[in-house]
Amino acid sequence: MKVLVIGSGAREHAIADALLRGGSVEEVTVAPGNPGMELEDGIRTLQLAPSNQAALIDFVRNNDYDWVFVGPEVPLIDGIVDAFAEAGIKAFGPRKAAAQIEGSKDFAKQLMERYGIPTAAYRTFDELAPAVEYVHGHGAPIVIKADGLAAGKGVTVAMDEETAVAALNDIFVDHRFGAAGAKVVVEDYLEGQEFSLMSFVSGTDFWPMPISQDHKRAYDDDQGPNTGGMGAYSPVPQIGQDVVDEAIATIVKPTVEAMAQDGTPFTGILYAGLIATADGPKVIEFNARFGDPETEVVLPKLTSDLGAAVDAILNGETPEFTWDEDHATLGVVLASDGYPNDVVKGARIPELHVDDDSHVYYAGVARDGDGLVANSGRVLLVESSAPTLAEAQHKVYAILDAADTTGMFYRHDIGAKALKD
Ligand code: AMP
Ligand code: GLY
């Protein structure tokens, strides 16, 4: 089969790599992709933006691609799957109406409220004054979320009322998130370990993947600003299988059933960002796509054929998934200095010496002469697989520590929460 993958990050590199590894897909083109992925045999890139739906449709038609895999949320929320469907092209991902589960926090919260899916109690506001009044009545800690997409940066976990009010002012007065901040969700603070539970979904059927844990803050010890994610690992030993089973039963299953019941059935990858509270697992957020960087540590564990499974789902058949449960995987993001607020581009990408059980998944890189340079915040991710998390962690840091990463930085404690006991 020939597959077009939409997107350009390390997540799309990992998707393309897994598709090629499976066997039934011979050729993968990533639009727009990045020049780092082109270093891998079988991956090509195509300079078309995900927003250029008409040109992407023409390309798929004229070049006999079997189907399309949509990586990022923006084209999904813009309705790219609907546009492909209208053109008679199969694309894996939710339609626009279903992608609202990520596109609007208020939509997701209302769905959870209607169907009794465990999440933090909340209120939605579209004006400053009542939101401020609510914060003062409720007290801190409290969490302020811009309703729409904000690339992981629209959330403020406020440990005092002043910070919460400042976040509300940012959104309503300074319009920091533009239209994404027209509405604000204010929700209760939840305490516990976070984990990511992603599932392949076809209507009311779903196939959960191994869980993973992201690291959202920029610096070691969870300091600094929130980012798109600085590293991840899988499994997450501090989250027991009983918690995962409970999350599947009380969150994933009722959510996909609710989506179908409401006339917005979900097909694609449903990402549940969860927190294991004393009161059981609760939803922090849903995403309508693979997580980044979680995908880069989860897909290397897939031992079955990803392309065959997606093809089966797109044809209404039952897919098969098998996972390597005997190995741990860990991935660390290399980011440009200043990420996420004041990215300094242009650092040279060093040569990274990886073995057969490790990958470099490229993200924000551009060609410069014979080499590559950093041209955005998250530059690449190094992932290793090993019998234990400690060994996987050791391998990744041996690769990164040996490289000249001038002009870039990475966290030194990815996986530490799992290894501290
Ligand atoms: P989100 O973009 O919704 O994933 O939120 C970003 C980060 O904020 C999450 O990964 C959590 O660490 C934190 N967060 C979000 N909602 C809550 C909550 N209700 N209680 C505690 N922390 C939260
Ligand atoms: N790693 C979090 C996300 O993909 O949204």
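Both backbone and side-chain heavy atoms feed into the values below; hydrogens, waters and symmetry mates do not. Just follow the structure's listing: the first ligand is 1, and inside any ligand the first atom is 1. All values derive from a computational prediction rather than experimental measurement.
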What orientation do [X] and [Y] show, parallel under 30°, tilted 30 to 60°, or perpendicular over 60°?
X      : Y      : answer
Trp323 : Phe321 : parallel
Tyr134 : Phe125 : tilted
Phe290 : Phe69  : parallel

Lys216, Glu285, Glu194: member with heavy atom nearest to atom 12 (O) of ligand 1: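 Nearest option to atom 12 (O) of ligand 1, by heavy atoms: Glu194.
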Quick one: which of Thr156, Val157, Ile144 has a heavy atom closest to atom 14 (N) of ligand 1?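 Looking at heavy atoms only, the winner is Val157.
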Which is it for [X] and ligand 1 at heavy atoms under 4.0 Å: side chain, backbone, both or neither?
X      : value
Leu190 : both
Asp188 : backbone
Lys145 : side chain

So, [X] and [Y]: side-chain donor and acceptor under 3.5 Å apart, yes or no?
X      : Y      : value
Ser196 : Tyr271 : yes
Asp160 : Thr163 : yes
Glu320 : Ser304 : no

Any non-hydrogen atom of Gly291 lying under 4.0 Å from ligand 2?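 Contact present.
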State if Ser196 counts as touching ligand 2 under the rule of any non-hydrogen atom under 4.0 Å.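 Heavy atoms of Ser196 never come under 4.0 Å of ligand 2.
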Asp214 heavy atoms, cut-off 4.0 Å: which ligand 2 atoms fall inside?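 Result: 1 (N), 2 (C).
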Is the shortest side-chain N to carboxylate O distance from [X] to [Y] below 4.0 Å?
X      : Y      : result
Asp188 : Lys282 : no
Lys145 : Glu285 : no
Lys105 : Glu187 : no

What are the atoms of ligand 1, with element, lying closer than 4.0 Å to any heavy atom of [X]?
X      : result
Lys105 : 3 (O)
Glu187 : 16 (N), 17 (C), 18 (C), 19 (N)
Tyr189 : 20 (N), 21 (C)

Got an N/O contact under 3.5 Å between Asp292 and ligand 2?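 Between Asp292 and ligand 2, an N or O pair is found under 3.5 Å apart.
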Polar-atom distance check: Arg289 versus ligand 2, any N or O pair below 3.5 Å?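 It does: an N or O of Arg289 is found under 3.5 Å from an N or O of ligand 2.
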Report yes or no: does a heavy atom of Ile275 sit under 4.0 Å from some atom of ligand 1?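 So Ile275 does not count as touching ligand 1.
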At a non-hydrogen distance cut-off of under 4.0 Å, which region of Phe290 contacts ligand 2 (side chain, backbone, both, or neither)?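 Under 4.0 Å from ligand 2, Phe290 contributes no heavy atoms.
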For a ring-ring contact (aromatic ring centres under 6.0 Å, His included) check, start with the C-alpha distance between Phe206 and Phe266, then their side-chain angles and the critical distance, and finish with the verdict. CA-CA 10 Å; Phe206 63 96; Phe266 192 98; over 10 Å; no
